[in-house]
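All values derive from a computational prediction rather than experimental measurement. So that the names make sense, note that chain A is the first sequence line, chain B the second, and so on, each numbered from 1. Heavy-atom basis, side chains included; hydrogens, waters and symmetry copies ignored.
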2 protein chains.
Amino acid sequence: MSFPDSLRKTKSRLKVWEILSSSTTPLTARQIAQKADGGNEEKAVWLSSVYRALEAFEKAQAVNRTLLKDSPEALYSLSETGHHHYAICMNCKSRTELEGCPFGEHEHLHTVDEDFMVVGHVVEVFGYCKDCRKKMQKDAKK
Amino acid sequence: MSFPDSLRKTKSRLKVWEILSSSTTPLTARQIAQKADGGNEEKAVWLSSVYRALEAFEKAQAVNRTLLKDSPEALYSLSETGHHHYAICMNCKSRTELEGCPFGEHEHLHTVDEDFMVVGHVVEVFGYCKDCRKKMQKDAKK
DNA sequence: ATCCAATTGCGAATGGTTCGCAATTGCAAA
DNA sequence: TTTGCAATTGCGAACCATTCGCAATTGGAT
């Protein structure tokens with residue numbers, strides 16, 4: 001995932017991006033702001049600007065916002081790419097991509113359990129594709 | 001799902017419970033308070049008491065709190081039973097049951113694709129449980 | 001019926017997030 | 001490269017869902 005083309009590369013946004021890129025865990029806006037001014041007295045990026053940068057990234061689908069139930073603070077992390085699920089035919093094993101994700105575009109996930117930080121998920125739907133159903137109906141007649 | 005035995009049956013809690021029971025959709029605390037005093041001037045249940053009732057229900061695992069990203073207000077609903085999926089900790093492999101099914105309680109799964117006959121589905125959420133998160137944070141400090 | 005811990009009414013405080021506005025800054029066009 | 005201007009930021013104040021504090025009330029065990 002790289003810095004979204006659609007956004008101006010400003011000092012604050014680049015800083016926020018760099019911090020998120022180099023973090024292995026999701027961070028709160030406050031943590032990002034703190035890391036930005038690395039212990040210095042004066043702030044490198046003002047907290048409200050961190051929020052605005054994150055909002056812009058989120059709209060550009062480059063960043064994920066996550067709310068866990070045990071804290072009122074949102075957690076932010078870079079979005080992963082390529083997110084799809086499949087319907088799998090139990091007969092011929094063919095896969096057809098589901099349109100969208102039952103969780104919504106990443107939302108809802110945080111509702112899972114107050115103690116659980118969600119990183120990803122698997123969704124698979126099983127059944128029979130149209131072709132196989134036809135064949136199976138024919139075969140059944142024999 | 002019935003009113004938790006462990007909790008005192010007070011007027012406010014019974015009211016909140018009744019409202020949640022008779023609602024087909026999740027409600028915000030404010031909505032519950034409004035429904036409680038059904039248009040009357042004086043409040044039947046104070047908002048902070050609604051929050052406290054919901055908190056008690058949630059601790060008793062009788063109510064679900066849900067945070068969606070498009071609103072800062074939490075949604076509350078009675079916990080359902082039957083048909084579940086799991087959140088799996090990538091570190092310790094522990095499983096915790098997901099509350100509800102992302103496809104909705106009553107499988108409109110056949111809507112997935114007209115050509116696909118759905119027989120079942122798998123949903124698994126991956127991430128880190130609270131304990132492992134704590135451990136990982138400690139380890140990170142070393 | 002009595003007693004006491006649990007609960008509520010009520011308002012004030014908290015704290016994460018958003019907003020407003022003047023000053024600054026990317027960056028497209030000249 | 002310089003210019004022009006819309007986008008962005010610094011900064012603080014405002015917002016608002018939720019939590020807290022405390023005195024008054026109440027459920028329910030004895």
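- Bounding nucleotides for the chain B contact on DNA chain C, 5' to 3', at a heavy-atom distance below 4.0 Å, are dA5(C) to dG11(C).
- When heavy atoms are screened at a 4.0 angstrom cut-off, A56(A) is found touching no nucleic acid atom at all.
- No path of Ile, Leu, Val, Met, Phe, Trp and Tyr side chains, each step under 4.5 Å between heavy atoms, connects F57(A) with W46(A), placing them in separate hydrophobic clusters.
- Summarising the geometry, the separation between CG on L47(A) and P on dA14(D) is reported as 18 Å, rounded to the nearest angstrom.
- Atom C1' of nucleotide dC16(D) and atom CG of L67(B) are separated by 15 Å, given to the nearest angstrom.
- Here dA17(D) presents its P atom at 11 Å from CD of Q34(B), a figure rounded to the nearest Å.
- When heavy atoms are screened at a 4.0 angstrom cut-off, T28(B) is found touching no nucleic acid atom at all.
- For K11(A), the NZ atom counts as loosely surrounded, since its 6.0 Å shell holds 12 or fewer non-hydrogen atoms of other residues, nucleotides or ligands.
- Here the side chain of S79(B) pairs a donor or acceptor atom with the backbone of Q61(B) at under 3.5 angstrom.
- Using a 4.0 Å heavy-atom cutoff across all strands shown, K43(B) reaches no nucleic acid atom at all.
- Screening E73(A), E58(A), E55(A) for a salt bridge (charged side-chain N to carboxylate O under 4.0 Å, His left out) involving R65(A) leaves a single residue, E58(A).
- We find that CZ of R30(B) is positioned 13 Å from P of dT19(D), with the value rounded to whole Å.
- Here dG12(D) presents its P atom at 13 Å from CD of E42(A), a figure rounded to the nearest Å.
- When K15(A), Q34(A), K35(A) are each tested for a side-chain contact (heavy atoms from CB on, under 4.5 Å) with V45(A), only one passes: K15(A).
- Residue R13(B) contributes atom CZ, which lies 15 Å from atom P of dT26(D) at whole-angstrom precision.
- Annotation for K59(B): atom NZ does not count as buried by contact number, only 12 or fewer foreign heavy atoms lying within 6.0 Å.
- Across the protein-nucleic acid pair, E73(A) atom CD and dA17(D) atom P stand 18 Å apart, rounded to whole Å.
- Put simply, CH2 on W46(A) is 13 Å from C1' on dA13(D), counting in whole angstrom units.
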